[in-house]
Structure formats: structure tokens, C-alpha cells
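Have a look at the structure below before the remarks.
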Number of protein chains: 2
Amino acid sequence: MPGIATMTQAESVEKIIGRLRMCGIKPTQQRVQIATVLFSRPQHLSADQVLEQVTALGERVSKATIYNTLSLFSRKHLIREVIVDPSKVFYDSTTLPHHHFYNIDTGALTDLEAIDVDLASLPVLPPGMIVDGVDVIVRVRRASEHAGD
Amino acid sequence: MPGIATMTQAESVEKIIGRLRMCGIKPTQQRVQIATVLFSRPQHLSADQVLEQVTALGERVSKATIYNTLSLFSRKHLIREVIVDPSKVFYDSTTLPHHHFYNIDTGALTDLEAIDVDLASLPVLPPGMIVDGVDVIVRVRRASEHAGD
DNA sequence: CTGCTTGCAAAGGCTTTGCAGAACA
DNA sequence: TGTTCTGCAAAGCCTTTGCAAGCAG
């Protein structure tokens with residue numbers, strides 16, 4: 001165990017393993033490391049940032065595995081993909097329903113829980129279709145920013 | 001003027017030029033062609049689809065120009081970028097406020113106007129920040145679809 | 001005419017893939 | 001021990017960029 005292990009709740013490794021198993025995910029070493037980073041606290045991370053943080057923990061996981069694992073976790077609803085920009089996919093470690101602020105200027109993504117989306121007013125879905133999720137992204141920017149070029 | 005000009009309201013070319021000028025966009029031939037495609041009816045098109053439709057009109061516009069122009073139009077708020085998937089950016093020719101259904105299975109994007117987003121409940125924004133836009137994407141899929149792998 | 005635009009093709013960034021070796025049950 | 005996962009590197013896709021030639025006002 002690396003010396004910096006105490007920087008996150010490394011002691012909850014067992015909990016993380018349980019969580020993975022509960023979702024039908026085989027808890028390999030890399031997956032546990034990635035999950036440890038994701039669940040150390042609620043946050044939004046890009047694939048690259050996940051890689052950086054795993055590396056910062058003194059572990060080595062390949063980029064391919066990062067992508068595969070994040071994709072697997074999303075598919076299993078362990079985390080949620082938040083798409084704010086064509087080339088900026090974040091993985092949100094909080095699966096509780098909430099929405100997001102996206103700061104266009106800085107690229108920062110923050111949580112937003114006080115917004116109401118009236119799902120009751122949804123039109124009737126085509127037969128056999130179900131709602132998989134609702135994403136609300138409030139894009140904000142500096143007021144003084146130039147809107148055009 | 002190509003013979004297929006009547007397939008869309010080619011007669012509104014002047015209106016389109018006016019619209020571009022009103023937004024401070026120099027109405028070049030390519031831009032008018034692209035705008036003609038976009039505004040022929042309310043729709044959501046990817047860059048590639050715009051290129052296809054322009055080509056279908058018998059015109060030739062380079063891919064680079066398609067990208068540059070769509071980006072310019074968005075920046076000038078003539079159209080709106082809708083990001084539903086990391087590699088699926090649509091350009092919405094309807095700028096009236098509305099939201100979207102995204103069919104995960106088929107990739108189809110459709111309009112949705114009956115949803116209420118209670119913007120009044122937005123938390124206070126940091127000073128100097130303004131809301132640039134609110135995107136609501138309701139992701140739907142076939143009920144029988146397998147959720148995991 | 002002068003500057004902005006276009007087009008081509010190459011470069012760029014992020015993500016996926018194929019296959020051999022390693023790890024897990 | 002068999003299957004699944006990992007890592008590397010190459011390939012892939014979409015988008016952006018640089019530069020010379022062309023169009024708009």
C-alpha cells in the first residue's frame with residue numbers, strides 16, 4: 001500500500017469491492033483503484049483526470065483500461081456520463097438525481113440541485129419507450145464576455 | 001441557379017441573406033447555401049448531414065467550411081448546438097426555447113416543448129455570471145433494451 | 001482593390017480496437 | 001486451468017488548422 005493511501009478513505013476498499021460486485025462488476029485491482037478515485041468524494045472527472053488521480057495514488061493503469069472501465073461503470077449505472085461539450089465528457093460519481101452548471105469560460109462543472117423539472121408534463125412517449133434519464137445543463141458565463149467574435 | 005432550386009424555398013434566398021446580415025455575417029455563397037439547408041425547415045443536423053444536404057442541392061462546399069460556418073452561426077446565435085453524445089453534435093435551426101428527446105437506440109433527436117423547467121428556482125449565480133442557456137435532454141430508449149452488457 | 005473566405009490536406013485530440021500476456025475465480 | 005482483463009500501440013473518427021487561391025464589397 002502506497003504511503004499516500006490515507007489521502008482518501010483507502011479503508012473503504014472493501015465497501016468499494018462490495019459496490020462493484022453488487023453491480024455485477026468483477027472487482028479487479030484496476031477497477032477498484034478507479035472506483036476509489038471516483039468515490040473518494042462526489043466529483044466530475046474526465047477520463048484523463050481519472051487517469052491522473054489514479055496515477056497520483058501511485059498506481060499505474062493504462063489509458064485503455066480507464067476508458068473501458070468508465071464505460072463499464074456507466075453502463076452499470078455506477079456513475080453517470082455528463083456530456084457538456086463535444087470533447088468534454090465528465091463522469092459524475094454521484095448517481096443521485098441532480099443537474100449541472102457548466103461554466104463555459106472555465107470548463108468547470110458543478111452540481112445544481114435546486115432546479116425543478118416538471119417531468120409530469122412530459123408528452124406521451126411512443127409506445128414501448130421509457131425515459132432513461134433527464135439531463136439538465138445550465139450553461140453560464142461571465143456577463144462581460146463577448147457573445148460573438 | 002441549379003435546376004433543383006425549387007425543392008426548398010429557394011425563393012427566400014433574399015430573406016436568408018437578410019437574416020445573415022442582421023447577425024453581422026457576410027452572406028457568402030457557401031454560407032447562404034448552408035443557411036438554406038438549415039432553415040428549409042426546423043431540424044437537427046450534424047455537420048456531416050449538413051454537408052450531405054448541401055451536396056444534395058447540387059452545391060459543393062468543403063467540410064472545413066461546413067465546420068467553420070456552423071461554428072460561426074452558433075456563435076452568432078443563428079442556430080443552436082445540441083450536444084447529446086460525445087461524438088454527436090447537432091445543430092438546431094430552431095432558436096425558440098425548447099428542449100429535446102434523444103433516442104439512445106436510434107440516435108434520433110426530436111423536439112420537446114411541453115417540459116417545464118423552473119428557472120426561478122435557480123440558486124443565486126456567482127456575481128458577474130449570467131445564464132447563457134439551459135439544455136434539457138430527455139434520454140429515452142426501448143423498454144425491452146438491456147441496460148447493461 | 002483589399003480583406004475576408006474557401007478548399008485542400010495534414011495535423012490534432014480523444015476514444016476504440018486487436019492481440020499477446022497477466023490476473024482472477 | 002479457463003476465462004476475463006489489462007496494456008500497448010495502432011487505427012479511427014470528428015474537428016481544427018495553415019496556406020494559397022478566390023470571392024465580396
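Just so it is clear: chains get the letters A, B, ... in the order the sequence lines come, proteins before strands, and each one is counted from 1.
Across all non-hydrogen atoms, the minimal contact from A/Ala47 to A/Leu70 is CA-CD1, 3.7 Å.
Atom NZ of B/Lys76 is separated from atom C1' of C/dT5 by 15 Å (rounded to the nearest Å). We find that CG of B/Leu51 is positioned 13 Å from C1' of D/dC14, with the value rounded to whole Å. When rounded to the nearest whole Å, the span between CD of B/Glu59 and C1' of C/dT5 equals 16 Å. A/Arg60 places its CZ atom 10 Å from the C1' atom of D/dT6, with the value rounded to the nearest Å. Rounded to whole Å, the distance from CD1 on B/Ile25 to P on D/dG25 is 14 Å. Computed from coordinates, the B/Ile66 CD1 to C/dT6 P distance equals 10 Å when rounded to whole Å. One can place CZ of B/Phe73 at 11 Å from P of C/dT5, the figure rounded to the nearest angstrom.
A close approach under 4.0 Å does not occur between any side-chain nitrogen or oxygen of B/Arg21 and OP1 or OP2 of D/dA24.
Under the 4.5 Å side-chain heavy-atom criterion for Ile, Leu, Val, Met, Phe, Trp and Tyr, B/Val136 and B/Phe101 are members of the same hydrophobic cluster. There is no path of hydrophobic side-chain contacts, each under 4.5 Å, that joins B/Leu45 to B/Ile137.
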What protein N or O atoms touch nucleotides 2-5 of chain D N or O atoms at under 3.5 angstrom, if any, and at what distances?
unit_1	atom_1	unit_2	atom_2	d
D/dC5	OP1	A/Arg31	NH1	3.4
D/dC5	OP1	A/Arg31	NH2	3.2

Polar pairs (N or O, both sides) under 3.5 Å between protein and nucleotides 13-23 of chain C?
unit_1	atom_1	unit_2	atom_2	d
C/dT15	OP2	A/Tyr67	OH	2.0
C/dT15	O5'	A/Tyr67	OH	3.3

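Between the side chain of A/Ser93 and the backbone N or O of A/Phe39, no donor-acceptor pair lies under 3.5 Å. B/Ser71 places no side-chain N or O within donor-acceptor distance of the main-chain N or O of B/Tyr67, the cut-off being under 3.5 Å.
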List the atom pairs, with distances to 0.1 Å, where a side-chain N or O of residues 123-134 of chain B and a protein N or O form a donor-acceptor pair under 3.5 Å, not counting sequence neighbours.
unit_1	atom_1	unit_2	atom_2	d
B/Asp132	OD1	A/Arg141	NE	2.4

Pair up each side-chain donor or acceptor in residues 81-89 of chain B with any protein partner under 3.5 Å, not counting sequence neighbours, and list the distances.
unit_1	atom_1	unit_2	atom_2	d
B/Glu81	OE2	B/Tyr91	OH	3.4

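For the side chain to side chain donor-acceptor pair (under 3.5 Å) condition, the pairs that include at least one residue of residues 23-35 of chain B, sequence neighbours left out, are B/Gln33-B/Glu59.
Relative to the axis of its first five pairs, the axis of the last five pairs of the helix from C/dC1-D/dG25 to C/dA25-D/dT1 sits at 40°, rounded to 10 degrees.
Residues B/Val138 and B/His99 have side chains not in contact (no heavy-atom distance under 4.5 Å, counting atoms from C-beta outward).
Using cut-offs of 30° and 60° for the angle between ring planes, the A/His44 and A/Phe90 rings count as perpendicular.
Remark: the A/His100 side chain and the A/Asp135 side chain contain no N/O donor-acceptor pair separated by less than 3.5 Å.
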